Amino acid sequence: MSNPLPFERPLASDRAASHWRLAMTDLVTDPAELLALLRLDASAKPASLAAQQDFPLRVPRPFVARMAPGDWSDPLLRQVWPAAEEETNHAGWVDDPLQEQAATLAPGILQKYPGRALLTAAPHCAIHCRYCFRRHFDYDGNSPGREAWEQSLNTLHQDPSIREAILSGGDPLANSDRQLAWLVRRLEAIPHLDTLRIHSRLPVVIPNRVTTALLELLQASRLRVVMVLHVNHAQELDADCNEAMARLGDAGLVLLNQSVLLADVNDSLEALEALSERLFTAGVLPYYLHLPDRVAGTAHFDVGEARGCELIAALRARLPGYLVPRLVREIPGQSSKTIIA
Ligand SMILES: *Cc1c(COP(=O)(O)O)cnc(C)c1O
Ligand code: SF4
């Protein structure tokens with residue numbers, strides 16, 4: 001079983017803290033319940049049992065509340081529904097397309113690119129995105145206990161070329177504020193680190209996750225903090241998200257977004273344009289638009305590189321440069337993500 005992160009002294013008490021913990025324990029995990037909430041008929045498109053077993057349905061209620069009732073083609077629903085298409089095998093779509101096993105420096109630490117180390121700081125997420133490139137990731141083997149954490153942090157200590165620690169997961173904000181405080185303090189003690197990056201979908205799917213305690217921890221850090229959010233469609237952002245982003249921005253964080261280009265979710269000029277503008281309204285700049293990794297069970301989300309390039313060109317003709325994300329693909333063995341357009 002995976003071990004949780006250790007934790008630091010209690011941080012300032014915070015009412016919102018109990019709200020997000022509650023939202024995390026009260027997720028929608030039963031396909032029948034999700035359909036009932038959306039007033040959809042299960043017989044039209046039954047959940048795939050095999051897909052459910054492989055990667056179970058998991059959606060926070062605030063995210064469900066942003067789905068349009070009665071609409072099977074809702075772009076938020078499509079991101080979480082365990083569909084029958086996932087069971088079809090496609091040549092070249094495999095469990096570990098990014099060869100992350102080979103990039104493991106120590107338990108819980110991956111390094112693929114110079115200067116940056118990625119910590120798998122949480123074994124799970126608040127939401128299960130069907131297209132997830134880590135849906136087959138061995139979290140149990142990469143969730144160190146306290147002692148192993150100390151060893152892994154030592155590995156970072158010993159490599160002065162690493163300037164940036166990236167907390168990824170799972171979702172690193174699935175940890176409690178006290179656990180995060182423990183980790184942030186340990187990272188701050190590594191003199192050659194100057195940047196802390198947090199890759200998280202939690203401020204989007206459960207905006208209450210942006211607690212005062214979290215903001216205090218990040219604002220007080222000597223590290224520059226960058227948060228890379230994950231939003232694929234403008235409809236994912238509501239007024240609560242705006243407020244959460246504003247609080248993160250006020251705390252001095254740099255806010256960026258990464259999306260995945262997904263068939264029938266955001267593969268149109270209108271959807272991508274609305275997404276960039278909506279992000280900008282929330283104080284977030286688009287960073288990457290990922291071509292989906294070739295993970296088994298996700299081929300039906302693939303849009304293709306040529307269509308991706310077309311969309312980026314069309315977007316560039318409509319929006320200022322700072323609202324056009326870079327279309328990227330991850331090619332194992334390269335020293336960075338590969339920019340396609
Ligand atoms: C994507 C990724 C990064 C970050 O790459 P940037 O181009 O700096 O955003 C770092 N480490 C790993 C293992 C990654 O997969
Ligand atoms: S939040 Fe990110 S890591 Fe978690 S399931 Fe979704 S895409 Fe995967």
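Since this is a predicted model, take the numbers as computed values, not measurements. Numbering of ligands and ligand atoms starts at 1, following listing order. For this chain, numbers begin at 1 and follow the sequence in order.
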Legend entry - Proximity of Ile166 to ligand 1 by residue part, where a heavy atom lies under 4.0 Å: side chain
Inset, instruction - Kindly say whether Val324 contributes a backbone atom to a donor-acceptor pair with the side chain of Arg316 at under 3.5 angstrom? - result: no
Legend entry - Pair Glu86 + Arg135: basic N to acidic O under 4.0 Å: yes
Legend entry - Nearest non-hydrogen protein atom, atom 6 (Fe) of ligand 2: Cys129 SG, 2.4 Å
Legend entry - Separation of Leu167 CG from Asn175 CG (nearest 0.5 Å): 8.5 Å
Legend entry - His290 and Glu330: side chain donor to acceptor below 3.5 Å: no
Legend entry - Euclidean distance, Arg329 CZ relative to Ile339 CD1, rounded to 0.5 Å: 13.5 Å
Inset, instruction - Please identify which atoms of ligand 1 are closer than 4.0 Å to at least one heavy atom of Arg197. - result: 4 (C), 6 (P), 8 (O), 9 (O)
Inset, instruction - Could you tell me the residue and atom name of the protein heavy atom closest to atom 1 (S) of ligand 2, and the distance to it rounded to 0.1 Å? - result: Arg201 CD, 3.7 Å
Legend entry - Residue portion contacting ligand 2 (non-hydrogen atoms closer than 4.0 Å) for His230: side chain
Inset, instruction - Report yes or no: do Glu188 and Ser221 form a side-chain donor-acceptor pair below 3.5 Å? - result: yes
Inset, instruction - Answer with yes or no whether Asp171 contacts ligand 2, where contact means a heavy atom under 4.0 Å from a ligand atom. - result: no
Legend entry - Proximity to ligand 1 by part of Glu330, non-hydrogen separation under 4.0 Å: side chain
Inset, instruction - Could you tell me whether any N, O or S atom belonging to Cys132 is less than 2.8 Å from atom 8 (Fe) of ligand 2? - result: yes
Inset, instruction - Could you list which atoms of ligand 1 come closer than 4.0 Å to a heavy atom of Tyr287? - result: 6 (P), 7 (O), 8 (O), 9 (O)
Inset, instruction - Select one of side chain, backbone, both or neither to describe which atoms of Gln258 lie under 4.0 Å from any atom of ligand 1, heavy atoms only. - result: neither
Inset, instruction - Could you find the nearest protein heavy atom to atom 1 (C) of ligand 1 and give me its residue, atom name and distance? - result: Lys337 NZ, 1.6 Å
Legend entry - Minimum-distance protein heavy atom relative to atom 12 (C) of ligand 1: Leu118 CD1, 3.5 Å
Legend entry - Identity and separation of the nearest protein heavy atom to atom 4 (Fe) of ligand 2: Cys125 SG, 2.3 Å
Legend entry - Taking atom 7 (O) of ligand 1 as the reference point, the nearest protein heavy atom with its distance: Tyr288 OH, 2.6 Å
Inset, instruction - Please answer whether the main-chain N or O of Val210 pairs with a side-chain N or O of Arg247 as donor and acceptor at a distance below 3.5 Å. - result: yes
Inset, instruction - Would you kindly say whether Arg224 and Thr195 are connected by a side-chain donor-acceptor distance under 3.5 Å? - result: yes
Inset, instruction - Determine, stepwise, if the pair Glu236 / Arg201 fulfils salt bridge (Lys or Arg N to Asp or Glu O under 4.0 Å). - result: CA-CA 11 Å; Glu236 290 173 47; Arg201 193 148 161 70; 2.8 Å; yes
